[in-house]
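See structure below.
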Amino acid sequence: VSARPPATRPSAAADALGARLAFDAALVALVAGASVGAAARDATAAAPQGVAALLVLASGGRRTPLGLSVFGRLVLTFLVLAASAALGGGPPQVLARFLGGITAITLLHPKTARDQGLLLATSLLQMALASALSQSPFGAAAGLAFLFLAHRALASFHLFGAVSRVEATGGVRADLAAAPRLRRRATRAAVACAALSAPLFAILPRTDYPLFRVNATRPLSSVGFGDEVSLRALGPRSGDDLVVGDVTPLDPEARDRAPYFRVRAFESFDGVTWRSAGEDLPSPVPGEEVVRVGPLPAGRAVARYDFSLVVRGGDRLPLPEDAYQVEFHDGAPDQAFVELDGSVWGAWAAAPGRVRYRASAAAAPAPKSPVRRRSPLDAHLDVPPAVDVASIAPLLEEALAGVPADPEARAEALASYIRARCAYGDDGPTGDRTGRRGTPDPVGEFLVRARVGHCEHFAAALAVCCRLARIPSRLVAGWHASRWNHVGGFWVLRRRDAHAWVEAWVDGRGWVRVDATPADVREDDPYRGLSGLLARVRDAVTHAWTRHVVGYDVQDRRAVLARAAAALEAAARVAESAPVLGGGAVLAVLAAALALRRLRRASRRDGRAATPSGFYGLAMRRLARRGFARAASETAREHAARAGGALPVPSSEALQTLRLAFEDVRYGGRPAPDEGTVRALLRRLEGVERRSRPPSPAGVPE
Amino acid sequence: MAPQRIRLLPGGHVVIAMTLLLGVAAVHTGLNLLHALVAALLSFQTVSGFRSFLGLRRVTVEVASPPCVDAGGETSLEVAVSNGKRRVASSSIEVTVEVEEAGRVDVGGAWVARLDPGERVVLRLPVRGVARGVARVAAVRLSTSYPCDLLRRSALAPVGDEVLVRPRRREVRATSPTGEDDLRAARAPLAATGPGDLRSLRPFRDGDSPRAVHWRTTARRRALHVREDESRAPAAWAVRLGPSPALPRERVDEEAEDAAGLLRRARADGRAAWLCLGGERAPRRVHDARSLSAALDARARFEPSVAPAPAAPAGARVVVARRAPREAREGFAVPGVA
């Protein structure tokens with residue numbers, strides 16, 4: 001370790017650290033620019049900053065192409081602001097461009113510590129803007145990268161500042177070679193920071209009524225179910241893989257049930273189109289977070305599901321079969337209509353984007369309690385005149401030959417017959433994807449002639465056959481979630497998962513689901529091969545991100561805090577038992593004694609001076625507080641003579657002893673007295689001096 | 001070590017302001033990613049504070065101050081920094097020395113990049129004398145703002161030492177109050193007129209007669225030495241220093257420096273000298289290195305007094321300093337401490 005003369009310009013080591021700082025800051029700016037550009041979907045927000053950062057990176061942080069004065073920077077900043085506004089777009093895009101321009105100017109400007117601080121601050125603002133604009137899980141990866149790179153850049157910032165400060169005073173630097181290691185070790189702080197962020201995120205306060213709510217959710221898909229189902233070609237919807245939402249089963253009962261999620265049932269059929277029976281809607285349920293849609297399943301197992309999907313403003317919500325309650329977590333509708341078939345129609349004044357709700361259903365129907373009819377079933381037996389009954393009747397006889405009279409068995413037999421007779425095809429029997437040249441009898445066409453159709457044809461044909469066999473039936477539209485994600489434990493709902501099936505009335509059991517669509521088509525798993533695995537992982541990440549981060553809300557926070565409180569209460573209950581209480585008290589006493597001991601040791605250590613003769617400094621400090629300051633021209637002996645003369649004998653003796661010890665240590669090379677002796681002397685000195693008045697020595701400046 | 005103290009740095013102010021701003025925005029927009037960013041900023045501050053706390057915990061210092069330094073000269077102050085922790089290293093510790101009577105000395109700082117568990121490093125901090133007087137080394141401050149420069153955590157170690165800043169070394173010429181140049185006589189070849197009673201031996205200087213060389217001592221010490229005879233020994237000097245308290249501080253310092261220069265010159269010439277300090281009852285005799293050192297220390301502590309300087313001893317010639325030209329004075333600075 002050696003001293004250096006005061007530096008007039010930074011040394012080579014400081015220059016290298018400065019270049020390292022510029023390099024790290026450019027990396028941070030690159031990540032922040034890419035994040036905000038992707039979030040704002042605006043390349044102009046990221047391009048200038050990216051180019052500037054790449055220039056700095058290419059030169060290793062040593063060269064700065066711009067050398068502007070303060071006035072030049074102000075003019076350039078104004079031009080950037082004007083260009084940002086001139087390029088158009090919304091306020092987020094303008095702000096993103098402006099921040100990008102400022103960052104680019106700072107990157108290309110000669111480096112000072114203040115410039116680097118400004119650069120890191122603007123990068124942080126860019127990440128904040130990206131967080132506000134994007135809900136993608138890829139933002140998490142960018143955020144983590146930013147966290148690590150920012151820690152390294154700040155460590156470089158610190159090292160550069162520390163070395164510059166010590167060089168400015170002409171001081172000494174010890175172990176400068178360890179500087180790169182310190183920079184790398186800053187990533188440990190980033191890891192700790194990331195680990196601590198998770199619980200902090202969970203307990204940060206949320207409010208039920210935000211002042212300026214911003215919903216940044218991008219609609220993933222806008223498929224919905226209308227008021228009718230027409231038997232036409234499926235159209236482009238058939239191959240649409242866009243994600244609409246996801247369903248997470250919360251119980252084993254929910255997991256074991258078939259993934260049919262009803263949206264609406266249709267009773268009236270005119271030969272081409274299925275509609276509802278035209279019953280009046282019941283009274284809406286205003287603004288409730290919990291909506292009751294059916295009778296409580298007394299004494300039966302319950303299956304619960306968490307739904308997360310995108311709605312447009314007025315949509316019917318998919319629910320499990322035999323649902324009895326819907327509990328909204330996020331985005332409760334302004335009005336909810338519960339229809340007679342058990343479906344729920346929500347109305348939102350403003351499109352809420354993503355809606356999260358928990359649906360509870362009876363896991364199994366009541367085995368012994370009679371199921372009462374909730375509406376007249378005549379409408380569920382009507383067969384429209386457009387249907388060519390004469391051509392279907394022989395098929396019906398063939399299908400039901402030898403089948404017992406049980407309605408459920410007959411409905412299943414009909415479904416099996418149709419499934420065996422017809423093939424699945426998205427275009428339907430007409431062969432017209434637009435559906436304009438539809439046949440007047442698509443059911444007859446499907447069953448008798450074409451024998452090709454999609455799920456709606458299968459369901460409509462089965463419902464007609466059931467009705468011809470005097471089994472009340474209706475067509476149900478909804479989702480059959482065939483995409484079970486093993487990684488995340490949820491079903492993904494995509495547009496192509498929209499499905500139609502039949503519910504047949506069975507006395508004593510109620511409405512029973514019968515699905516005629518071939519199972520291999522219905523349950524075709526799209527997760528195949530390596531791409532399927534990647535897609536599964538991607539879906540799982542998106543699902544987890546959406547559910548646990550983006551969708552974390554007030555209720556989730558309450559639940560987390562309630563669980564923590566419950567855990568504490570449980571621990572308190574255990575602690576209340578006598579043995580635990582006694583043991584805990586003993587442990588507490590031991591811990592307190594240990595802490596006291598450590599505190600006293602630390603106190604002794606803290607009171608210890610930094611030099612062997614430091615005890616004399618402590619004595620002088622205490623005397624100075626009482627008015628016996630030692631003047632600059634006084635030797636220790638002179639001061640002791642002056643102050644000792646004004647002090648009572650015990651304290652004067654203590655002062656003389658301290659002075660002698662000081663001279664021995666300082667000038668005689670002898671060891672310092674032990675701590676106990678020093679403490680005793682200081683106590684004597686301090687205890688007595690309080691009762692004396694300080695004199696004013698003649699000729700000695702105070 | 002005194003308890004640690006925390007001071008926010010500009011970066012810390014910026015981060016706290018942004019945390020508050022983003023926190024309000026997060027609560028009132030319902031955007032969870034803003035909440036995540038706020039959580040990251042809060043944990044960032046927490047981790048920074050904890051890391052800096054760990055950095056200074058159980059770090060102790062021992063200080064060895066130099067007894068004195070010449071004004072314009074430089075010496076070093078030893079600070080031994082030890083990490084008493086058993087597992088955790090301390091990173092980026094800055095060492096600064098707090099000096100009372102600032103302006104007397106200029107003490108450089110130090111920076112320790114890394115201190116492994118149990119490691120002890122000794123730093124020699126440069127101490128530059130600035131002005132004559134007493135500089136009290138009040139404390140050594142250890143501080144760190146590692147890793148993120150958000151806050152600076154520091155701890156003070158009290159130090160009770162003082163460093164005497166002796167008068168600046170200056171080349172002076174001695175004259176009697178009547179203007180007679182005494183130095184030329186002092187430099188006369190001692191043995192030119194033959195040997196007399198031996199008074200002392202001293203190293204050879206330019207101008208000494210080769211006949212005065214004491215060969216036996218020269219052979220023993222392997223450097224030329226000459227003898228001084230009693231009959232040719234230079235007359236003793238009485239250096240008086242008693243400026244009025246009404247004089248400005250700079251003038252007092254200049255007079256003290258001149259007087260110190262005369263004492264040094266007298267010692268170099270092998271001449272006995274007396275120091276007559278204003279306010280003291282009797283003159284101090286300067287006849288060897290130790291008494292010269294004590295006299296220089298007295299110079300360092302000297303404060304003008306209304307009391308007159310004591311009378312010069314009988315036989316001693318009272319001398320005053322005649323300042324050398326400014327350019328010569330400015331070039332005359334000898335590093336090192338007697």
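- Looking at S76(B), neither its backbone nor its side chain comes within 4.5 Å of chain A, counting heavy atoms on both sides.
- The aromatic rings of H158(A) and Y146(B) sit perpendicular, their planes meeting at an angle over 60°, well past the 30° parallel limit.
- Residue D297(B) holds its CG atom at 4.5 Å from CG of L164(B), rounded to the nearest 0.5 Å.
- Proximity to chain B involves both the backbone and the side chain of T635(A), based on heavy atoms less than 4.5 angstrom apart.
- When atom types are taken as modelled, the side chain of R136(B) and the backbone of V99(B) share no donor-acceptor pair closer than 3.5 angstrom.
- For R185(A), the parts lying near chain B are the backbone and the side chain together; criterion is any non-hydrogen pair under 4.5 Å.
- Counting heavy-atom pairs closer than 4.5 Å to chain B, the top-ranked of the candidates A162(A), A619(A), A186(A) is A162(A).
- Counting heavy-atom pairs closer than 4.5 Å to chain A, the top-ranked of the candidates A40(B), A80(B), A298(B) is A40(B).
- Contacts of Q45(B) with chain A are absent, with no heavy-atom separation under 4.5 Å from either backbone or side chain.
- Taking V137(B), L37(B), V79(B) one by one and counting their heavy-atom pairs under 4.5 Å with chain A, the maximum is reached by L37(B).
- Rounding to the nearest 0.5 angstrom, the gap separating the CD atom in E303(B) from the CG atom in L277(B) is 11.5 Å.
- When each of A198(A), A150(A), A189(A) is scored by its heavy-atom pairs under 4.5 Å with chain B, the top score falls to A189(A).
- Highest contact tally toward chain A, considering only S91(B), G23(B), S48(B), S92(B), is held by S92(B) [criterion: heavy-atom pairs under 4.5 Å].
- By number of non-hydrogen pairs under 4.5 angstrom with chain B, the leading residue of L204(A), L200(A), L182(A) is L182(A).
- By the 4.0 Å N-to-carboxylate-O rule, R301(B) lies too far from E638(A) to be salt-bridged with it.
- Taking 4.0 Å as the cut-off between side-chain N and carboxylate O, R356(A) and D556(A) count as a salt-bridged pair.
- Residue contact with chain A, scored on non-hydrogen atoms closer than 4.5 Å, involves the backbone and the side chain of L42(B) alike.
- Side-chain contact between V15(B) and L41(B) is present, with heavy atoms from C-beta onward closer than 4.5 Å.
- Ranked by heavy-atom pairs shorter than 4.5 Å toward chain A, the options G11(B), S145(B), A300(B) are led by S145(B).
- Partners of T187(A) under the side chain to side chain donor-acceptor pair (under 3.5 Å) rule, at least two apart in sequence or in another chain, do not exist in this structure.
- Contacts of R114(B) with chain A are made by both backbone and side-chain atoms, with heavy-atom separations under 4.5 Å.
- For F44(B) and H151(A), the ring centers are positioned less than 6.0 Å apart.
- Each of M620(A), M127(A), R181(A) has some count of heavy-atom pairs under 4.5 Å with chain B, and the biggest count is that of R181(A).
- Note on residues 147-166 of chain A: pairs passing salt bridge (Lys or Arg N to Asp or Glu O under 4.0 Å), not counting sequence neighbours, are R165(A)-E94(B).
- For a residue to count as touching a neighbouring chain, one of its non-hydrogen atoms must lie under 4.5 Å from one of that chain's; by this rule L9(B) does not touch chain A.
- Considering only heavy-atom pairs separated by less than 4.5 Å from chain B, the leading option among L159(A), L120(A), L196(A), L125(A) is L196(A).
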